[in-house]
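What follows is one structure encoded as structure tokens, with my remarks underneath.
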2 protein chains.
Amino acid sequence: ISCLGLNVWMFLKKAWDIGANDPRKVIHCFKVGLALTLVSLFYFMRPLYDGVGGNAMWALMTVVLVFEPNVGATLYKCLNRMFATFLAGFLALGVHWIASRSGDRFEPFVVGASVFLLASMATFTRFIPSIKSLFDYGAMVFILTFSFVAVSGYRVDKLFDFAHQRISTIFIGTSLCILVIILVCPIWCGQELHGLTVRNMDKLADSLDGCVTKYFTNTNGEDDKKTQGYKCVLSSKASEDSMANFARWEPSHGRFNFRHPWKQYLKIGASMRSCAYCIEALNSCINKENKAAESIKKHLSTSCLKVRSSTSSVIREVAETVKKMNKSRTVILLVGEMNGAVEELRNDLKSLPQLLDLSTSAENKEHETPFMEIIPVVTLASILIEIAARTEAIVSSV
Amino acid sequence: ISCLGLNVWMFLKKAWDIGANDPRKVIHCFKVGLALTLVSLFYFMRPLYDGVGGNAMWALMTVVLVFEPNVGATLYKCLNRMFATFLAGFLALGVHWIASRSGDRFEPFVVGASVFLLASMATFTRFIPSIKSLFDYGAMVFILTFSFVAVSGYRVDKLFDFAHQRISTIFIGTSLCILVIILVCPIWCGQELHGLTVRNMDKLADSLDGCVTKYFTNTNGEDDKKTQGYKCVLSSKASEDSMANFARWEPSHGRFNFRHPWKQYLKIGASMRSCAYCIEALNSCINKENKAAESIKKHLSTSCLKVRSSTSSVIREVAETVKKMNKSRTVILLVGEMNGAVEELRNDLKSLPQLLDLSTSAENKEHETPFMEIIPVVTLASILIEIAARTEAIVSSV
């Protein structure tokens, strides 16, 4: 029993941590509670209840199904739900009219066939990427409303009223959701995406800094968390995609207009990821067992560290530019500086053989650095050069 | 108008292609249609309609909301829906009982407060990762059913019958879904995940082959598609995660048992991705502008190509092992071969300086290969060695 108690305690502690780390999640939970309680008023207050003809359940259901943590996703679902309900409602009324003309015997067959056909077709549209990204939820609501109204037509007498009530209650539910989500501590998807991009850039710069410094100064530990930051960049593709998708639905807010170029963020994300792949390769070459010769390391460390710091300051400056959303002239200067550092590193690499020759001729054979010990450093240097090139790609994608 | 016609035509053609490429999607659409038509029988046949007391709409709705393209996702939603409906139904009846004891004036407040609290709490559980992966949909249905039954209690007289009907119709809907999804051309999530893993391994081997061969033989074009295969591996994390999540819910099918170690696939996927990062770095080093010296290339090409072919044959053999799900002895042999090839490449690298020395002393200065031209080949070689090491990680994760 004490084991169970401990488990429960751990679970509660974890839950508390989640809430404490991101209070907005807790606020979101209260927002759901608030919206549901508001919509319950349609049951509790007689005039409201009579107004919707006892169909208040649709409004309740809409709130549960449509309410998402951020504004973009909620708007996407609300608009999809309204549009699809309208369309399906009218289509179903049309089908019912045709079916009722075809006589009592054939009515179920006409309705059944139309449900089968339209449901299959609407399901198929969910597989088409361009429709899926905009109307996935709408297609589902379309199937639901259509089959619902069309089939009910067989049992319900006043079908028009039935459809009308479903549409109006869903309208009430969605508007209530939109009001609550926008008025009470809104979480804008676009802002989140913007913040994520800036944060990821900073992480990229940090881990580039961390990796190279760790290699050349042989300091271990402490900053390991910072060094691993690039992994966030690698794994954030899915969330970027969905956020960019939802951000399209958001109205102007803060410094973002309605037609803000959200797709640009995906491009920036892709170029950041291609940079992160290189950092991953860099990391692998740092953690390798075969250590490099100290003399070579020393020879290249100045220029490598310079490339590192200029590259990461380019990334940081770009992050700053994205954050403030203005063109910055410093970026061009910094890119120039970075290219200068890369050129210097290239020159240092070119002069390596002289260093080797020197050591082989002047000193005794014991002190010779074997060629194998150069390789890791050289690999690292050329990956660094590649990273600098990819950083330029990030700059141009901004 | 002709432009619009062209657009529509293009759209239809694209839709047709999607269907032709994967007929199972079309079959899924017809399955949805079939399930909906079957559940419509509850409206069309008088005894069935009377049996569920006119609440057939819940069964209809369940089918639309629960039906997913693969068995795992459908089972997940079905079981979640049933379980959550039961739990929420009983809780709501309890709350209603308490509320009705507290007098007419306080009843709405008790009900409203309980809805607010429980909805907030259930929403919060959706943020806890361990619950989200198993019961995300269930939490939503819980909120829906609870608020629904509890609030309706204020207007509906026979609340017990109401809850009972909701539960039984949802039970009918889910069982119908499960029957249709399993009996009519089932698409098993586990099988998909298994196939995806094997396919990704083959793609990895292909692109490794393609990249290195292209570099050393200077052939361009044609096989570009094969060479880019590793990008599929990079981007398949999200789908692997969700498939492994749904596969847990599937019963034994084909060669997969109920408790098949699906998480193992995620580990294999992760090690494949870490290998793909290296191939990405390799690719970047191939596409670089500064070309390497032909003599060095020739010197290393034999051993590089050997590492390449032995590594990719290890990957292919592992893919075969995973496909047939048996331990293979050849893998160990092939890994040994690969390590031998890596050792050979190391030796070739070690002998590089001699080659350089030879060229500087014996021939004239014009023919000297500048150090800068060695770097790309050396980088490539050391990345290849890293790829071989990561391939061993894949082998050990299988």
Side-chain angles (χ1 to χ4, degrees), chain A residues 14-15 18-19 25-26 28-30 32-34 36-37 40 43-44 49 54 57 60-61 64 108 111-112 115-117 119-121 123-124 127-128 140 143-144 147-148 151-152 154-155 235 237-238 277-278 280-281 284-285 346 349-350 352-353 356 370-372 375-376 378-379 382-383 386, chain B residues 14-15 18-19 25-26 28-30 32-34 36-37 40 43-44 49 54 57 60-61 64 108 111-112 115-117 119-121 123-124 127-128 140 143-144 147-148 151-152 154-155 235 237-238 277-278 280-281 284-285 346 349-350 352-353 356 370-372 375-376 378-379 382-383 386:
Chain A
K14 216 168 67 184
I18 290 173
K25 284 179 182 167
V26 183
H28 168 67
C29 296
F30 289 133
V32 173
L34 177 69
L36 273 179
T37 321
S40 306
Y43 279 87
F44 296 142
Y49 187 72
M57 56 173 175
L60 196 74
M61 211 150 105
V64 177
V111 172
V115 166
F116 181 82
L117 268 182
S120 301
M121 274 165 60
T123 309
F124 187 72
F127 287 118
I128 301 170
M140 201 174 82
I143 301 174
L144 189 59
S147 48
F148 201 49
V151 171
S152 297
Y154 195 65
R155 295 283 167 202
S235 61
K237 184 178 190 309
Y277 294 147
C278 272
E280 155 83 26
S284 76
C285 124
R346 280 227 173 88
L349 279 175
K350 269 179 199 157
L352 253 190
L356 292 179
F371 190 73
M372 281 310 281
I375 295 176
V378 170
T379 309
S382 58
I383 294 176
E386 178 67 27
Chain B
K14 214 168 65 185
I18 290 173
K25 284 179 180 165
V26 181
H28 168 66
C29 297
F30 288 132
V32 174
L34 177 68
L36 273 179
T37 320
S40 306
Y43 278 88
F44 295 144
Y49 187 73
M57 56 174 173
L60 197 73
M61 213 151 105
V64 177
V111 173
V115 166
F116 182 83
L117 268 183
S120 301
M121 275 166 59
T123 309
F124 187 72
F127 287 118
I128 301 170
M140 200 174 85
I143 301 174
L144 189 60
S147 48
F148 202 49
V151 171
S152 297
Y154 195 65
R155 294 286 169 200
S235 61
K237 184 177 189 311
Y277 295 147
C278 272
E280 156 84 26
S284 77
C285 125
R346 280 223 173 91
L349 280 175
K350 269 180 200 157
L352 253 191
L356 292 178
F371 190 73
M372 281 308 281
I375 295 175
V378 170
T379 311
S382 59
I383 294 177
E386 179 67 26

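Convention: sequence-line order gives letters A, B, ...; per-chain numbering from 1.
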Using non-hydrogen atoms only, which part of B:L117 is less than 4.5 Å away from chain A: side chain, backbone, both, or neither?
neither
Looking at [X], I'd like to know if its [atom1] atom is crowded, meaning that more than 12 non-hydrogen atoms belonging to other residues, nucleotides or ligands lie closer than 6.0 Å.
X      : atom1 : value
B:K25  : NZ    : yes
B:M121 : CE    : no
A:F30  : CZ    : no

Among A:G33, A:C29, A:S235, A:G112, which has the most heavy-atom pairs under 4.5 Å with chain B?
A:C29
Residue among A:V115, A:L144, A:L36 with most heavy-atom pairs under 4.5 Å to chain B
A:L144
What option among [options] has the most heavy-atom pairs under 4.5 Å with chain A?
options                       : result
B:S120, B:A119, B:P108, B:G19 : B:S120
B:I128, B:L34, B:V111, B:V32  : B:I128
B:S40, B:S147, B:C278         : B:S147

When the 4.5 angstrom heavy-atom criterion is applied to A:A238 and chain B, the contacting part is side chain
Kindly indicate, with the supporting measurements, whether the criterion side-chain contact (heavy atoms from CB on, under 4.5 Å) is fulfilled by A:F148 and B:M57.
CA-CA 7 Å; A:F148 201 49; B:M57 56 174 173; 2.9 Å; yes
Where do B:V26 and A:F124 land on the side-chain contact (heavy atoms from CB on, under 4.5 Å) test, with the steps shown first?
CA-CA 7 Å; B:V26 181; A:F124 187 72; 4.1 Å; yes
Give me the ring orientation class for B:F127 and A:H28: parallel if the planes are under 30° apart, tilted from 30 to 60°, perpendicular past 60°.
perpendicular
